[in-house]
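Along the sequence shown, residues carry numbers from 1. For ligands, and for the atoms within them, numbers begin at 1 and follow the listed sequence.
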Amino acid sequence: MSRADERTVPSFAKVNLGLEVLGTRSDGYHELRTLFQTVDLRDDITLRPRRQGITIECSHPGVPQDESNLAWRAAESLRRHAKVTRGVAIRIEKRIPVAGGLGGGSSNAAAVLMALNRLWRLDLDPDVLNRLGRRLGADVPYFLVGGTALGLGRGDEVYPLRTQVKAHLVLVDPGRPVSTAAVFSRVDAGLTPRENSYTIFRFVSRDLEGATAFRLLSNDLEQAALEEAPDLARTVGRIRGTLVREGALLAALSGSGSSYFGVFDDPQRARRAHAALASQGFAVHRCRTLSLDQYRKAWARALGYISVRSWR
Ligand code: C5P
């Protein structure tokens with residue numbers, strides 16, 4: 001196959017602007033209320049047709065390059081579901097910090113589902129992709145939607161919001177991966193029922209208006225993540241201090257960590273926070289939110305002008 005057959009698609013990162021853990025579920029997962037937000041930090045995924053079999057490569061040595069990779073599993077689940085006999089070579093150019101609470105693996109899986117659905121001309125309905133996606137991971141269904149969205153259930157019931165958040169973000173990767181499963185199991189010990197906590201609902205019902213609304217938001221996993229990785233606590237304290245000092249409207253852990261982010265309405269402040277954290281030696285990314293509409297457009301651009309013949 002020639003290189004001309006290759007297609008490259010975007011795979012964006014997310015942050016959880018807020019995350020509430022409501023309780024444990026009978027399936028061992030946790031009942032959540034979370035506010036997802038896509039940012040324009042992205043991996044690039046290149047797909048190349050193969051006669052048969054799925055291969056996977058990734059530019060980051062810490063990412064599995066075998067059948068345990070979520071992107072590989074996404075391709076396989078689609079192949080099985082649609083009884084596709086052809087194969088695909090997947091290459092991931094990694095920029096999203098690994099195991100950082102930014103949804104990189106889930107985003108890669110959703111990107112592969114959406115791209116191969118198109119490239120293999122399967123035309124599966126969004127609800128079929130959703131079903132395949134939620135079997136791969138709780139965050140995968142969100143990445144089939146993107147933008148500002150409410151996540152309920154395991155985080156896999158996704159409701160896009162009418163008003164989309166528009167902001168500048170500074171993401172800091174403390175370079176210390178934390179296990180999501182370990183953080184959730186620590187939450188259990190200290191869990192008090194949260195049915196009466198309405199911070200995310202209040203934020204949403206204010207129509208996301210005004211900088212002060214961000215103060216309502218927090219992440220219930222933050223304390224558990226810092227207990228799981230006590231060596232992180234001081235580092236996170238420094239990161240948080242810098243973000244707040246530079247004027248962040250919200251400074252919080254994303255997902256189960258360990259990435260920490262600041263939300264800014266003023267790009268100059270975001271720039272200053274980025275510079276201050278970089279000068280302290282942190283791996284920092286400055287990015288913007290992507291709305292639902294921008295997310296859809298990015299996908300339309302990536303898949304809209306395809307010579308499908310080469311994929312048949
Ligand atoms: O679904 P995913 O594989 O991404 O989740 C990773 C782990 O995080 C799960 O195995 C589970 O321990 C925990 N989790 C949870 N409740 C959720 C989402 C994830 O307990 N709603």
[atom]: the protein heavy-atom neighbour that sits closest, reported with distance to 0.1 Å:
| atom | answer |
| --- | --- |
| atom 17 (C) of ligand 1 | Tyr29 CD2, 3.3 Å |
| atom 1 (O) of ligand 1 | Ala138 N, 2.8 Å |
| atom 8 (O) of ligand 1 | Thr180 CG2, 3.2 Å |

Set of residues satisfying side-chain hydrogen bond (donor to acceptor under 3.5 Å, both in side chains) with respect to Thr46, sequence neighbours excluded: Thr8
Can you confirm whether more than 12 heavy atoms, excluding those of Arg288, are under 6.0 Å from its CZ atom? no
Taking CZ in Arg25 as the centre, count heavy atoms belonging to other residues, nucleotides or ligands within less than 6.0 Å. Is the count above 12? yes
Please enumerate all residues that pass ring pair (Phe, Tyr, Trp, His ring centres under 6.0 Å) together with Phe12, with sequence neighbours excluded. Tyr295
In a check of side-chain hydrogen bond (donor to acceptor under 3.5 Å, both in side chains) between Tyr142 and each of Asn16, Thr38, Asp156, which one passes? Thr38
With a cut-off of 4.0 Å, which atoms of ligand 1 are near a heavy atom of [X]?
| X | answer |
| --- | --- |
| Leu32 | 21 (N) |
| Gly137 | 1 (O) |
| Arg154 | 17 (C), 18 (C), 21 (N) |
| Ala181 | 12 (O) |

How far apart are the closest heavy atoms of Met114 and Phe143, and which atoms are they? CE-O, 3.4 Å
Could you report the tightest heavy-atom contact between Leu113 and Ala74, atom names first, then the distance? CD2-O, 3.5 Å
For atom 21 (N) of ligand 1, tell me which residue out of His30, Arg25, Arg134 has the closest non-hydrogen atom. His30
With heavy atoms only and a cut-off of under 4.0 Å, state how Phe184 meets ligand 1: side chain, backbone, both or neither. side chain
